[in-house]
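Data first, discussion second: the structure below is written as structure tokens.
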Amino acid sequence: MDAIALLTQQHREVEELFEKFEKAGEGKEELLRELFVRIADNLAAHAIIEEKLFYPSVYVGPTADQLQEAVEEHLSAKRVIADLLDMEPSDAQFKAKVKVLKDLVEHHVEEEEKELFKNVKKLLTKEELSVMGEQLEAMFSELIQTEPRMQVPREIDEAAPLT
């Protein structure tokens with residue numbers, strides 16, 4: 001699978017998890033926690049493969065500004081994930097924070113799919129996208145087994161502070 005197809009597929013998978021979260025009824029704290037953990041792990045692993053492999057490979061020309069913005073969007077989402085890691089689904093603000101996370105992710109996905117991916121298709125050959133897709137998939141498969149959400153607070157600490 002090529003890199004763009006893989007990343008797009010991962011976007012759809014997270015959207016489905018958000019939908020399941022929204023449909024979970026009251027009193028389903030265990031289900032809400034499980035869904036949040038899956039969302040957070042998927043988003044954390046997805047961000048890592050984009051930041052470590054995908055973005056550096058296409059950080060040229062018209063994509064450079066888009067990628068700087070994308071990294072900042074990742075950081076915003078990670079801050080919300082970090083907040084949620086310290087909360088319980090029974091907390092009054094838990095669902096509201098998950099909704100904010102969903103909104104951040106939807107905005108990010110829309111920009112990637114409508115703008116960035118189109119520019120990347122102009123930069124890389126089908127062969128390059130295919131090889132990168134295999135690398136992204138391998139790294140994601142490895143990361144998803146390691147509770148990548150637990151790395152998020154450290155990544156935020158290492159990022160430049162909000163001023």
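- Applying the ring pair (Phe, Tyr, Trp, His ring centres under 6.0 Å) rule to pairs touching residues 125-151 yields nothing, sequence neighbours excluded.
- Of all heavy-atom pairs between Ala24 and Leu31, the closest is CB-CD2, 3.8 Å.
- Contact detail for Ala82 and Ile156: the closest heavy-atom pair is CB-CD1, 3.5 Å.
- Applying the side-chain hydrogen bond (donor to acceptor under 3.5 Å, both in side chains) rule to Asp2 yields no partners; only residues at least two apart in sequence or on another chain are considered.
- Here the CG-CZ distance, from Leu84 to Arg149, works out to 12.0 Å after rounding to the nearest 0.5 Å.
- Rounding to the nearest 0.5 Å places CG of Leu143 at 8.0 Å from CD1 of Ile49.
- More than 12 heavy atoms of other residues, nucleotides or ligands shown are found within 6.0 angstrom of CD on Glu113.
- For Phe21, the ring-ring contact (aromatic ring centres under 6.0 Å, His included) criterion is met by no residue, not counting sequence neighbours.
- With sequence neighbours excluded, the residues that form a side-chain hydrogen bond (donor to acceptor under 3.5 Å, both in side chains) with Glu15 are Arg12.
- Ile81 contributes atom CD1, which lies 12.0 Å from atom CE of Met150 (distance to the nearest 0.5 angstrom).
- Listed by chain and number, the residues in a side-chain hydrogen bond (donor to acceptor under 3.5 Å, both in side chains) with Gln68 are Tyr59 (sequence neighbours excluded).
- Note that CG of Leu7 is 6.5 Å distant from CD of Glu112, once rounded to the nearest 0.5 Å.
- One distance of note links CG of Leu17 with CZ of Arg38; it measures 4.5 Å at 0.5 Å rounding.
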Next item on the list: Would you check, one step at a time, whether the test side-chain hydrogen bond (donor to acceptor under 3.5 Å, both in side chains) holds for His74 with Glu155?
Entry: CA-CA 11 Å; His74 281 186; Glu155 291 174 12; over 6 Å; no
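- Classified by interplanar angle (parallel below 30°, tilted 30° to 60°, perpendicular above 60°), the ring pair Phe117/Phe54 is perpendicular.
- Under the side-chain contact (heavy atoms from CB on, under 4.5 Å) criterion, Val71 pairs with Tyr55, sequence neighbours left out.
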Checklist line | Steps toward side-chain hydrogen bond (donor to acceptor under 3.5 Å, both in side chains) verdict (Asn42, Glu13) | finding: CA-CA 9 Å; Asn42 276 277; Glu13 289 168 1; over 6 Å; no
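- Taking the side-chain contact (heavy atoms from CB on, under 4.5 Å) definition, one finds that Lys99 meets it with Glu22, Asp103, sequence neighbours left out.
- The list of salt bridge (charged side-chain N to carboxylate O under 4.0 Å, His left out) pairs with a residue in residues 47-64, not counting sequence neighbours, reads Glu51-Lys78.
- Residue Val109 is not grouped with residue Ile48 when hydrophobic side chains (ILVMFWY) are merged at heavy-atom distances under 4.5 angstrom, including chains of intermediate members.
- In this structure Glu88 satisfies the side-chain contact (heavy atoms from CB on, under 4.5 Å) test together with Arg33, Ser90, Asp91, sequence neighbours excluded.
- Applying the side-chain contact (heavy atoms from CB on, under 4.5 Å) criterion to Leu6, with sequence neighbours excluded, gives Met1, Gln10, Leu136, Glu137.
- Within the structure, salt bridge (charged side-chain N to carboxylate O under 4.0 Å, His left out) pairs that include any residue of residues 62-76 do not occur (at least two apart or interchain).
- Remark: Lys95 engages Glu26 in a side-chain hydrogen bond (donor to acceptor under 3.5 Å, both in side chains) (not counting sequence neighbours).
- Heavy-atom minimum distance, Ile144 versus Ser141: CG2-O, 3.4 Å.
- With values rounded to the nearest 0.5 angstrom, Ser57 atom OG is found 7.0 Å from Gln135 atom CD.
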Next item on the list: I would like to know whether Lys97 and Leu101 meet side chain to side chain contact (heavy atoms under 4.5 Å, CB included); could you show each step before the answer?
Entry: CA-CA 6 Å; Lys97 278 204 183 282; Leu101 179 61; over 6 Å; no
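- Using a 4.5 Å cut-off on side-chain heavy atoms (C-beta onward), His46 and Val14 make no contact.
- Nearest heavy atoms, Val58 versus Leu123: O-CD1, 4.0 Å.
- The hydrophobic clustering, which links ILVMFWY residues whose side-chain heavy atoms are closer than 4.5 Å, places Leu32 and Leu43 together.
- Across all non-hydrogen atoms, the minimal contact from Lys121 to Ile4 is CG-CD1, 3.5 Å.
- Leu75 and Leu116 fall into different hydrophobic clusters, where Ile, Leu, Val, Met, Phe, Trp and Tyr side chains are chained together by heavy-atom contacts under 4.5 Å.
- Phe36 and Met87 end up in the same hydrophobic cluster when Ile, Leu, Val, Met, Phe, Trp and Tyr side chains are linked at under 4.5 Å.
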